[in-house]
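Each remark here refers to the structure printed beneath this line.
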Amino acid sequence: MPLLDALPLAASESNLLAARELMAFTLAFHIVLSCIGVALPAIILTANWLGLKRGDEDAMRLARRWSKAMAVTFAVGAVTGTVLSFEFGLLWPNFMERFGDAFGIAFAIEGIFFFVEAIFLAIYIYGWKRLSGWAHFWSGVPMVITGIGGAFSVVTANAWMNQPQGFTLDAAGKVVETEPFKVLFNPATSYEVPHMILAAYMVAGFLVASIYAVGMLKGRRDRLHKLGLLIPLTIACIATPIQLFVGDTAAREVADHQPAKFAGFECIQETGTHQTEYLGGVCTDDGVKGAIGIPDLDSFLVGFSADTKVIGLEDIPADERPPANTLLHLAFDAMVGIGTALLGLAAWLAFVWWRRRAMPQTPWFLRAVAVSGVASIVALWCGWIVTEVGRQPWIVQGFMRTEEAVTEAEGIWFAFAGILLLYAALGTIAILVLRGMSRRWREEGDGTESESPYGPSPTPEELVR
Amino acid sequence: MSKADVAAVILWIGATLYAVFGGADFGAGFWDLIAGDAEKGERPRAQIQRSLTPVWEANHVWLIFILVVLWTAFPEAFGAVMTTLYVPIALAAVGIVLRGAGFAFRKSIRSLEYQRAMGAAFALSSVLTPFFMGAVVGAIADGNVPAAGNGDAFSSWLQPLPLFTGALFVASGAYLAAVFLVVDSRRSGAADLESYFARRALAAALVAGAFAVAGLFVLHADSSYIYDRLTDEALPLVVVSALCGLGVLVQLLRGARRGLRPLAIGAVVAVIWGWGVAQFPYLLPTSLKISQSAAPGPTLDAVMIVFAIAAVVVLPSLGLLYWLSQKELLGE
């Protein structure tokens, strides 16, 4: 029987791998832009508010420049997000067909948030010239709310995949009844949603700050650069300690509700108390090799006592264990490690500010800020690897395996190669465009964006005049 | 009217708004594409960019709305469409990426060479994307999507009706865009651009009208179910569309601008609802009915609530955006 199954399975296994890689890659690309879309508006409005309230020209200029950069990142994010919507159907049609009526509700709500965000983003970005200062400021506020609401909707859909509830299946496995509130507020919502929103604020904050830190390291130590570093960094540094608390809670919840995932990323083989916490290393069937082990700590972290029993992979059926345990384990460690290092950076800023009422400007501090942006993105990716790879082999935990969900369509590897090239070009051009804008602002001042395509030319009415 | 029917109407409203506003944005890309070299095309392209910049992203969200309503309210139909028409759908997705990114990048860079490359990506994909979307819609109308899904990846849409519908989508987008651009140019006070786009609106109206009439013949030869109903229950809407289209022609020939936009929108909307009426009660003619594919009641309730919220929150916001944009209060 297994021999008979092996042949047709080979094709679908290849499809499964291709679909998972494609989904992972496009999600990893998009998630960075989503973070910017969720959190950058708050950073921009902080600068805008300072500019209006205190008549601070530099803060105003920053808000204006950031909003122009956001116009580019939002456009790229809107199209890469659309690709993901298509991929739900193109790559995982059986998942959508079976669970779209439950899982989809969250996305319907996300649609509203995205809509309102797109509308007010346009009003804010293109309202600088002709709207009055405070009217313009308030036109930006809906972006902050819808960013958080949108993040809630999308992440709660993912939370549902981890802890599905709010639906009834008939004998054939078809959803016959739904309870939308239970879908939207599933148990994993309570930690996944705040974890991601805080991550968005950290990524956007550290990323923007890191750009100005690089500028300062190049000797551009004017007030604009200091403010451009300090505003986003402060916001990210406020989010960081809360994030570590939320993340710690999330790990405990995962240990309770998704023991296979927890055992996977902690690489626990045998069920028992007094589990050792391993940092780094390679995960093997005999436990972690080449790692730093801290006795009892894992049990303590799960239940605040070394006597806490933690389930090992031995108690998970072989065909329900997450794959690539070393990858999972290292991704988890990298996420926690980077988060902890960023907490150190936040403490550094807070300490110097407390002692001197000024931000630290030593080269080492600037270097730390300069790497914090990329580091926070790496932590973000690692977190998604932990939650997505850790849930495998399930697409809907306990209800549908990923291999059941995948399309039978051919050419997924081909599509993956095409998307890889397309996104490589997209990412490269986006970065070049943003760098070009920044260089232009530096060399020529603000307000020099070309008004029309194909060369600097006046607007139609100016031509008519 | 059952809950499932209401959900189908919501889906159709989303499709209508996307076809009108999103369609016009794609159509503007078509005019951008054929506007000639950098010097000749500079002013029309500038007007296209000014008209599109504040609104295209909001208009694009209607597509997301259609997708989420389809997969939430009618998951089986969604699965069937996706597993059959994945080739044109994937090509449309790539087109969406190139269109949006090309447009956003073009106005953020200075070098003429790169602007040209980005502009080409934007304009070319503005033509290909609605073509593939039209092919998807045509394949559904043609009855080429089996309810169980996994229909043939190529013969499902490489057929006369789907390809024709693709061409019709491109033409009607170009038609709407030209009419909108006439009004926008007039407001900008650019008389030469106004007549530039008026000439193109006239040409596009004739082409789109000819396509629509020819489409009826293709339908007649191809898909009797839709044709029968289009010439029966849906006939009033077909007539309305034809009258609106004629109205646009008359106004353009007279050089008048009054009612131009509502008439052009009416011509397109009437066709979309005519198609909807003709398909009823099928979601996938003639293999899957709306009622057979519908999600459980509470999910449909949720879709209706979401739509009600959208009507209260999104539509006024969208109105505000358009009002500010039309008042020329938004700009770079």
Side-chain angles (χ1 to χ4, degrees), chain A residues 71-72 74-76 78-80 82-83 85-86 88-90 93-94 96-97 100-101 104-105 107-109 111-112 114-116 118-120 122-123 126-127 129-131 175-180 407-409 415 422 426 429 433 436-437 449-455 457 459-461 463-464, chain B residues 38 42-43 45-47 49 53-54 57-58 60-61 64-65 67-69 71-72 75-76 78-79 82-83 86 89-90 93-94 96-97 100-101 104-110 112 115 119 149-150 188-190 193 295-296 298-299 302-303 306 309-310 313-314 317-318 321 324 329-332:
Chain A
V72 174
F74 190 80
V76 179
V79 296
T80 54
T82 307
V83 169
S85 309
F86 276 86
F88 278 129
L90 292 172
N94 305 327
M96 299 309 289
E97 195 168 331
D101 34 19
I105 297 166
F107 279 97
I109 294 170
I112 297 185
F114 182 45
F115 229 131
V116 177
I119 291 167
F120 284 95
I123 295 176
Y126 303 114
K129 265 190 191 152
R130 300 196 185 90
L131 297 181
V175 173
V176 285
E177 203 52 58
T178 53
E179 294 171 78
T407 179
E408 290 164 29
L422 179 65
L426 200 61
I429 298 171
V433 163
M437 284 162 78
E449 278 70 59
S450 77
E451 290 275 349
S452 70
Y454 304 128
S457 84
T459 57
E461 38 325 11
L463 276 170
V464 168
Chain B
E42 185 182 325
R43 297 196 54 243
R45 287 197 176 101
Q47 180 61 54
Q49 178 154 307
T53 294
E57 275 162 322
H60 169 75
V61 185
I64 308 290
F65 179 86
L67 285 173
V68 297
V69 170
W71 81 45
T72 307
E76 278 162 51
F78 180 74
M82 283 289 178
T83 52
Y86 57 87
I89 290 172
V94 170
I96 286 166
V97 173
F105 290 156
R106 181 174 74 174
K107 62 190 166 65
S108 306
I109 47 180
R110 290 295 274 291
L112 185 63
Q115 280 190 344
N150 291 307
S188 304
L193 282 179
T299 297
V303 168
V306 164
I309 295 171
V313 178
V314 175
S317 307
L318 209 52
L321 174 64
L324 289 170
L329 287 169
L330 301 179
E332 282 178 279

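In the text below, chain A, chain B and the rest are named by the order of the sequence lines, each starting its count at 1.
- Here the options are B:L329, B:L324, B:L330, the test is side-chain contact (heavy atoms from CB on, under 4.5 Å), and the partner is A:R130; only B:L329 passes.
- Highest contact tally toward chain B, considering only A:D101, A:V83, A:V79, is held by A:D101 [criterion: heavy-atom pairs under 4.5 Å].
- Judged by distance alone, with hydrogens and angles left aside, the side-chain atoms of A:E177 form no donor-acceptor pair with the main-chain N or O of B:P296 at under 3.5 Å.
- Looking at B:S317 and A:F115, their side chains never come closer than 4.5 Å, going by heavy atoms from C-beta outward.
- Interface remark: B:V69 contributes no atoms to any contact with chain A (heavy atom separation under 4.5 Å).
- Comparing B:A104, B:G100, B:G149, B:A295 by how many heavy-atom pairs each has under 4.5 Å with chain A, the most go to B:A295.
- A side-chain donor-acceptor contact under 3.5 Å links A:T178 to the backbone of B:T299.
- Heavy atoms of A:V176 lying under 4.5 Å from chain B belong exclusively to its backbone.
- Note on A:I109, A:L131, A:L422, A:V116: by heavy-atom pairs under 4.5 Å with chain B, the leading option is A:L422.
- Looking at heavy atoms from C-beta onward, A:L426 lies in side-chain contact with A:T80 at the 4.5 angstrom threshold.
- Both the backbone and the side chain of B:I89 come within contact range of chain A, judged by heavy atoms closer than 4.5 Å.
- Proximity to chain B (any heavy atom under 4.5 Å) is restricted, for A:F120, to the side chain, taken from C-beta onward.
- Across A:P180, A:G111, A:P93, the residue that shares the most heavy-atom pairs under 4.5 angstrom with chain B is A:P180.
- Between the side chain of A:T407 and the backbone N or O of A:A409 there is at least one donor-acceptor pair closer than 3.5 Å.
- Interface summary for chain A: among B:V61, B:T53, B:V68, the most heavy-atom pairs under 4.5 angstrom belong to B:V61.
- Contacts between B:V303 and chain A at a heavy-atom distance below 4.5 Å are absent for every atom of the residue.
- Only the side chain of B:F78 comes within contact range of chain A, with heavy atoms under 4.5 Å apart.
- Scanning all heavy atoms of the two residues, the minimum distance from B:G119 to B:R106 falls at CA-CD, 3.5 Å.
- Atom CD1 of A:I119 sits about 4.5 Å away from atom CG of B:L318, to the nearest 0.5 Å.
- Annotation: the span from B:K107 atom NZ to B:Q49 atom CD amounts to 6.5 Å, rounded to 0.5 Å.
- Checked by atom type and distance alone, the side chain of B:S108 never pairs as donor or acceptor with a backbone atom of A:V433 at under 3.5 Å.
- Here B:N150 is the residue among B:V313, B:V94, B:N150 with the most heavy-atom pairs under 4.5 Å with chain A.
- Using a 4.5 Å cut-off between heavy atoms, B:A302 contacts chain A through its side chain alone, with no backbone atom that close.
- Heavy-atom pairs under 4.5 Å with chain B were tallied for A:A108, A:A415, A:G436; the largest tally goes to A:A108.
- With a 4.5 Å cut-off on non-hydrogen atoms, B:I64 touches chain A through its side chain but not through its backbone.
- Of all the listed residues (A:A71, A:A78, A:G89), the one sharing the greatest number of non-hydrogen pairs under 4.5 Å with chain B is A:G89.
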